[in-house]
Amino acid sequence: MLIFHNPVHDQHAGRQEMFRGKLVPCHETPARLEYVMDALRQRGIGELRAPSAPDMELVKRVHTPRYVDFLARAWQDWLALDPTNAELDILPSVWPVRGFRHDIEPTNFAARLGLFSFDSGCPITAGTWTAATAGAACAIDAARAVTGTGGPRVAMALTRPPGHHAGADFFGGYCFLNNAALAAQALRDAGAARVAILDVDYHHGNGTQSIFYERGDVLTVSVHGDPTTEYPFFLGYADEAGEGAGFGANLNLPLPAGTDFATWTQALQQGLSAIAAFKADALVIALGVDTYEGDPISKFKLKSAHYLEVGRALASLGLPTVFTMEGGYAVADVGVNVANVLEGFGG
Ligand code: OKP
Ligand code: ZN
């Protein structure tokens, strides 16, 4: 298995996120990825590669050019407001909800932050753009590796920040560029006629769903905490089936907080059956391990050993597969849990 790891992931290190009226330390830390790297090295899993330069033409087909330009310039725009802002993370605080205009684009930076985001828990820092674009490159390279002749069947984009909450033109949920969507589009471009994305992170992959919602060539499936009580709350319900050409190409499998492996794995099997019925030519797994019983912000009950079974189940589809790294916040256990999935998957 080829593992494209993001060598500059630690340039994105948010200091704080908004939680219940307070700024608290970020859950999504650089240490998460270091634990994965250590576990893979210790167990001799995978062959590590650095990514090439990001294909910005592809990034600007999955995301809107104006959003990409906004993100690329955000830190300099922030400093232009006040040079002492260098000591602070950027967090949005105002959003255009129902009743506001969506056909205008204010020039005010705070307004633009709100235009391109959906929560206040996702800081932009000096190195966010550098880290996020290198992560996008990992995802694109992983997709190209599994579609090239004589390449491996499976590759991973081992990166942070994660991606599955980022939409075509918004950030949120610790995500800026949607690595899983970029991998799926790269697989399409490389000749896979039908691509499935299976998101097993605890949180619904709202960004990925919205990017492909009206497309019939990419099936999006997500197994996640019921959004009635779990983040991101406003998308991820079972009745969201896709629209237009995409009708029937989105499957949400929400499960209640407290769900254990026995129940979770039944939903996973349902997702796998849908992917087999879709006759996908290639697969992207948005791999979050925040389904773990020890996760501090999630409420499923999977144990470390279960991730070996998860990996075996994912491999059973027999498809060229790209893993992207999503959530998992029980920092010291993220490594063993990810390594277990990859070991179970094999190859
Ligand atoms: C990102 B991924 C906890 C706030 C949680 C957002 C969660 C984002 C999860 N105090 N806010 O899907 O793992
Ligand atoms: Zn998550």
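Read the numbers this way: they start at 1 and go in the same order the structure lists the ligands and their atoms.
With salt bridges taken as basic N to acidic carboxylate O contacts below 4.0 Å, one links R15 and D89. Salt bridge E293/K303: present, at least one basic N to carboxylate O contact under 4.0 Å. Between R144 and D189, no side-chain nitrogen of the basic residue sits less than 4.0 Å from a carboxylate oxygen of the acidic one, so the salt-bridge criterion is not met.
Here the protein heavy atom with the shortest distance to atom 2 (B) of ligand 1 is Y329 OH, 3.2 Å. Counting protein heavy atoms only, atom 7 (C) of ligand 1 is closest to Y231 CD2, 3.8 Å. Among protein heavy atoms, the minimum distance from atom 4 (C) of ligand 1 is reached at E17 OE2, 3.9 Å. The nearest heavy-atom contact from the protein to atom 5 (C) of ligand 1 is Y174 OH, 3.8 Å.
D290 has its closest N, O or S atom to the Zn ion (ligand 2) at the position named OD2. Minimum-distance N/O/S atom of D201 relative to the Zn ion (ligand 2): OD1.
Contact atoms of ligand 1 toward H164: 2 (B), 12 (O) (distance under 4.0 Å to a heavy atom of the residue). Heavy-atom contacts of G327 reach the following atoms of ligand 1: 13 (O) (cutoff under 4.0 Å). Below 4.0 Å from some heavy atom of H165 lie the following atoms of ligand 1, by number and element: 1 (C), 2 (B), 9 (C), 12 (O). In the vicinity of D201, heavy-atom distances shorter than 4.0 Å reach the ligand 1 atoms 2 (B), 12 (O), 13 (O). Distances below 4.0 Å separate heavy atoms of G173 from the following atoms of ligand 1: 1 (C), 8 (C).
Every heavy atom of R20 sits 4.0 Å or more from the atoms of ligand 1.
By the 30° and 60° cut-offs, the orientation of the rings of H27 relative to Y174 is tilted. Under the 30°/60° scheme for interplanar angles, the aromatic rings of Y67 and F116 are found to be tilted.
Within the structure, side-chain hydrogen bond (donor to acceptor under 3.5 Å, both in side chains) contacts touching residues 270-283 (residues at least two apart or in different chains) do not occur.
Other residues, nucleotides and ligands contribute only 12 or fewer heavy atoms inside 6.0 Å of the CZ atom of F247.
When non-hydrogen atoms are compared, ligand 1 lies under 4.0 Å from neither the backbone nor the side chain of Y202. Under 4.0 Å from ligand 1, the heavy atoms of D290 that appear belong solely to its side chain. With a 4.0 Å cut-off on non-hydrogen atoms, E28 does not touch ligand 1 at all.
For D10, there are no salt bridge (charged side-chain N to carboxylate O under 4.0 Å, His left out) partners at least two apart in sequence or on another chain.
Inclusion of H203 in the first shell of the Zn ion (ligand 2) is supported: an N, O or S atom falls under 2.8 Å.
D77 is not listed as a side-chain neighbour of W75, based on a closest heavy-atom distance of 4.5 Å or more. Residues F170 and S117 have side chains not in contact (no heavy-atom distance under 4.5 Å, counting atoms from C-beta outward).
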